[in-house]
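Got a structure for you, written out below as structure tokens; questions coming shortly.
Only a predicted model underlies this, so the values are computations on that prediction, with no experimental measurement involved. Keep in mind that the numbers below use all heavy atoms, side chains included, and drop hydrogens, waters and symmetry copies. So you know, we letter chains A, B, ... as the sequences are listed, proteins then strands, and number each from 1.
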Amino acid sequence: MSKTPQAIRGTQDIFGAEAEAFAFVVETFERVRKLYRFRRIEMPVFERTEVFARSIGETTDIVSKEMYSFLDRGDESLTLRPEFTAGIARAYITNGWQQHAPLKVATHGPLFRYERPQKGRYRQFHQLDAEILGAGEPQADVELLAMADQLLKELGIADGVTLNLNTLGDGDSREAWRAALVEHFRGVRGELSEDSQERLEKNPLRILDSKDPRDRAFVADAPKIDDFLSPQAQDFFGAVTAGLDAAGVAWERNPALVRGLDYYRHTAFEFVTDRLGAQGTVLGGGRYDGLMESLGGPATPAVGWAAGIERLAMLVGERAPQERFDVAIIPMDDAGLAQANSLARSLRAEWNNVEIYATGKLKKRMARANEAGALVAVLIGEDEIAAGEVTVRDLHDGEQARVAPADVSGIVAKAQNAQWLRQTEHSGIGLPDWIDPDA
RNA sequence: GCGAUCGUAGCUCAGUUGGUUAGAGCGCCGGUUUGUGGUACCGGAGGUCGGGGGUUCGAGACCCCUCGAUCGCCCCA
């Protein structure tokens, strides 16, 4: 006997309630995305390494340490996508999607990052993604955020999640602010945490969201982006916030919210919760007007966001609606299989959820049907076959009758109504008085 | 890359300062009920104690290594 290979570290086999929550997140996203008329796109899972390396910038250790890269048989360096945006930007340029600008697109699927797994963090994980390409006006930011906001509400997890909003200004504002920050922190360099001293060289903006208490005082009186914003950048941010207010999207200003990569401009945002430990960001994004150029394309303004499906699913928890289960067909032995298949076919054609239980003892079959939450069980035994009938049992009240197969769907419809009434009553919503619960 | 905690039945866990045949609950299978679920009672199967090495008369417990998991740091596109 050989040993069973283990799953790769940081990958997950999702089943049961978690899988239901996962599917609920994706289905809700698909529904909401259509409301806002974002078009569905499908993207390759891997690209030439340079697609990600050039867009992210060679400097960071993201490229060297955090990507799944490998050489293919032609000695070409390929990389499993660690994000959607770079690949979408590449597609926009190579396929001439400029002709569709402004283009609203959405997709979802697996991404890969070579990281240490922890809560809500995996090496293969899944994201929802939405982008508006070729749109430089603040209204694009507003619509993108309005969609994100509605998505979280539709998922039922908006409580306890807040939208943190900031602006990084245009290119000049951003550079001026950055220079001022470096000067400010250089002055107190020795008193910063070791990590932040290193950030000062590599990525000074990141000092602003340091978790180390030693950095906090210096972060508090650090130069603010607002003092460096050009009038145009100020207007842009003002238009975004005014638009959000008009659209009924609640937001909080967070001047410490930054993006490490240089191609980000203007709006940066994160929907944050305190319910997921160290991984509190549930959905994040921003405007990346500088990205297309770094990939060799024409200057193209764009905004987008991504959200981790696993994290959303964790917040959704048990809230995902249970799958309906209408009919369990139970032949008492193999002699009833033909009748079972035939009845299943006609019931499913009417969109009833049907499962046939054809293994184990009768008792076992009934128990499994009950456990699975079937509304009614249809029993097919020797007597039924001889009479050309079936036995229909309501698994909620135990009522049972012998009927012709053609009459089953009517009984199922009744059971569905009764179920609906029970749920309505349970949820505390009063019935309109023209409904007679006993009908 | 760094740190902490953990790894005993399918699942959740117990296992006293190392001491004979390793336990419970749930689940699973069977029976009380030869064609009927949800309750109850009775019985049964199931474990190389993550893996390797060491200390000891004796290791699930102690030591080392290794693999894995969880949480955090770094990073976060």
Side-chain angles (χ1 to χ4, degrees), chain A residues 1 3-12 15-16 51-57 59-67 79 81-89 111-122 125 127 129 193-196 198-199 202-203 205-206 209-212 257-264 268 270 276-281 284-286 288 291 294 304-306 308 311 328 330-333 335-336 357 360-385 391-400 402:
Chain A
M1 270 235 297
K3 282 179 204 147
T4 305
Q6 292 174 318
I8 304 299
R9 170 191 289 239
T11 63
Q12 13 169 22
F15 174 76
V51 169
F52 307 111
R54 283 171 60 183
S55 65
I56 288 166
T59 55
T60 55
D61 55 31
I62 291 175
V63 172
S64 52
K65 304 203 110 176
E66 315 253 354
M67 299 201 312
T79 295
R81 64 183 180 197
E83 59 158 336
F84 279 112
T85 310
I88 292 174
L111 303 173
F112 306 85
R113 295 181 187 178
Y114 199 88
E115 296 186 292
R116 191 80 169 229
Q118 52 183 280
K119 191 180 185 71
R121 249 190 153 177
Y122 305 93
F125 61 105
Q127 283 190 341
D129 185 272
S193 66
E194 297 76 16
D195 285 333
S196 285
E198 208 166 312
R199 290 185 184 112
K202 287 183 174 170
N203 203 347
L205 299 199
R206 280 290 170 197
D209 52 18
S210 167
K211 289 169 187 168
D212 197 303
L257 177 60
V258 295
R259 291 278 103 107
L261 305 182
D262 289 338
Y263 56 68
Y264 281 102
E270 286 180 3
L276 287 179
Q279 312 301 328
T281 299
Y288 50 93
L291 173 59
S294 69
W305 58 248
R311 291 188 196 174
I330 302 180
M332 293 186 188
D333 51 50
Y357 290 86
K361 303 193 163 196
L362 176 56
K363 242 174 116 158
K364 201 68 214 165
R365 300 181 190 195
M366 284 293 284
R368 281 206 291 264
N370 183 60
E371 171 70 25
L375 258 36
V376 307
V378 175
L379 298 161
I380 303 171
E382 232 179 304
D383 299 351
E384 283 85 352
I385 295 170
T391 295
V392 180
R393 184 179 178 86
D394 183 312
L395 289 178
H396 182 258
D397 59 24
E399 263 179 59
Q400 183 167 315
R402 284 274 289 268

_Atom of P82(A), atom of M67(A) and distance for their closest heavy-atom approach_ = CG-SD, 4.0 Å

*Separation of atom OH in Y114(A) from atom C1' in G1(B), rounded to whole Å*: 11 Å

*Length of the line joining D195(A):CG and G3(B):P, which is rounded to integer Å*: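 Taking CG of D195(A) and P of G3(B), I get 15 Å after rounding.
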
*Just how far, in rounded Å, is C1' of C76(B) from CD of Q127(A)?*
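Taking CD of Q127(A) and C1' of C76(B), I get 11 Å after rounding.
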
_I'd like the P distance from C2(B) over to G60(B), given in whole Å._
32 Å

*Other residues, nucleotides, ligands: >12 heavy atoms within 6.0 Å of E399(A) CD*: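 Atom CD in E399(A) is not crowded, with 12 or fewer foreign heavy atoms closer than 6.0 Å.
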
_I want to check something: taking the side chain as every heavy atom from C-beta on, are L379(A) and L362(A) in contact at a cut-off of under 4.5 Å?_
yes

*On a whole-Å scale, what distance lies between the P atoms belonging to A4(B) and C64(B)?*
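About 12 Å, rounded to a whole number of Å.
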
*Rounded to the Å, how far apart are M332(A) CE and G37(B) C1'?*
13 Å

*OP1 or OP2 of G72(B) under 4.0 Å from side-chain N/O of Q118(A)*: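 Yes, because at least one side-chain N or O of Q118(A) sits under 4.0 Å from OP1 or OP2 of G72(B).
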
*Is there a donor N/O on one and an acceptor N/O on the other, under 3.5 Å, for the side chain of N370(A) and the base of G38(B)?*
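Looking at the base of G38(B), it does not pair with any donor or acceptor on the side chain of N370(A) (distance under 3.5 Å).
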
_Y357(A) to A372(A) - nearest heavy-atom pair and separation_ =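 Heavy-atom minimum between the residues: OH-CB, 3.5 Å.
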
*Checking all strands, does G398(A) fall into the base, sugar-phosphate, or nothing category for heavy-atom contacts under 4.0 angstrom?*
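Answer is base: heavy atoms of G398(A) come under 4.0 Å of a base.
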
*Does any N or O donor sit under 3.5 Å from an N or O acceptor when you compare the side chain of E371(A) with the base of G27(B)?*
no

_A69(B), OP1 or OP2 - any side-chain N/O from R9(A) closer than 4.0 Å?_
yes

*Considering only atom P, compute the distance from G47(B) to A9(B) and round it to an integer number of Å.*
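Comparing P positions in G47(B) and A9(B) gives a spacing of 10 Å.
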
*Name the nucleic acid region contacted by Y264(A), choosing base, sugar-phosphate or nothing; use a 4.0 angstrom heavy-atom cut-off, strictly under.*
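Sugar-phosphate: the residue Y264(A), judged by heavy atoms under 4.0 Å, touches backbone atoms but no base.
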
*Ignoring hydrogens and angles, does a donor from either the side chain of R121(A) or the base of C75(B) sit under 3.5 Å from an acceptor on the other?*
yes

*So, for Y263(A) and S55(A), which heavy atoms are closest and what is the spacing to 0.1 Å?*
CE2-O, 2.8 Å

_Atom pair distance, as rounded to whole Å: CE in M366(A) and P in G35(B)_ = 13 Å

*Reckon A369(A) touches a base, only the sugar-phosphate, or nothing at all at heavy-atom distances under 4.0 Å?*
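No contact at all - A369(A) keeps every heavy atom at 4.0 Å or more from the nucleic acid.
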
*Given that both pair distances must be under 3.5 Å and the pair must be Watson-Crick or G-U, what runs of three or more consecutive pairs involve RNA chain B?*
B:1-7 with B:67-73, B:10-13 with B:23-26, B:28-32 with B:40-44, B:50-54 with B:62-66

_Output the rounded distance in Å from CE (M67(A)) to P (C75(B))._
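It is 18 Å, rounded to the nearest whole Å.
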
_Would you say R199(A) places a side-chain N or O within less than 4.0 Å of OP1 or OP2 belonging to C75(B)?_
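Yes, such a contact exists.
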
*K211(A) or R259(A), whichever maps to the more 5' nucleotide of RNA chain B*: K211(A)

*With a 4.0 Å cut-off on heavy atoms, is E384(A) in touch with a base, just the backbone sugar-phosphate, or nothing at all?*
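Base, at least one base heavy atom under 4.0 Å.
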
*Is K364(A) salt-bridged to E371(A), cutoff N-O under 4.0 Å?*
no

*Contact summary for T11(A) and I8(A), nearest pair of heavy atoms*: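 Taking T11(A) first and I8(A) second, the nearest heavy atoms are OG1-O, 2.6 Å.
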
*Determine: side-chain N/O of K361(A) to OP1/OP2 of G31(B), distance under 4.0 Å, yes or no.*
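Checking K361(A) against G31(B): at least one side-chain N or O falls below 4.0 Å of OP1 or OP2.
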
_What's the closest nucleotide to the side chain of K119(A) if the choices are G37(B), G72(B), G30(B)?_
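Looking only at heavy atoms from C-beta outward on K119(A), the closest nucleotide is G72(B).
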
*Separation of D209(A) atom CG from C76(B) atom P, in whole Å?*
9 Å

*Determine yes or no for a side-chain-to-main-chain donor-acceptor pair under 3.5 angstrom, with R259(A) supplying the side chain and G285(A) the backbone.*
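Judged by distance alone, yes, a pair lies under 3.5 Å.
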
*Check whether more than 12 heavy atoms from other residues, nucleotides or ligands sit under 6.0 Å from atom CD of E382(A), and answer yes or no.*
no

*Contact class for E198(A) vs. all strands (heavy atom < 4.0 Å): base, sugar-phosphate, or nothing?*
nothing

_First encountered from the 5' end of RNA chain B, between R113(A) and L379(A)_ =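 Result: L379(A).
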
*Rounded to the nearest angstrom, tell me the gap between atom CZ in R116(A) and atom P in G3(B).*
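After rounding, the gap between these two atoms is 9 Å.
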
*How far, in whole Å, is U20(B) from G72(B) if one measures between their C1' atoms?*
44 Å

*Does R81(A) reach the main-chain N or O of A86(A) with its side chain, forming a donor-acceptor pair under 3.5 Å?*
no

Would you tabulate the nitrogen or oxygen pairs shorter than 3.5 Å linking the protein to nucleotides 39-41 of chain B?
none

_Classify D333(A) by what it touches in the nucleic acid, base, sugar-phosphate, or nothing, heavy-atom distance under 4.0 Å._
nothing

*Specify the closest pair of heavy atoms between D129(A) and A306(A), including all atoms of both residues, with the distance to one decimal.*
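Reported closest heavy-atom pair: OD2-CB, 3.8 Å.
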
_Nearest-angstrom distance, C1' atom, G50(B) to G7(B)_ = 6 Å

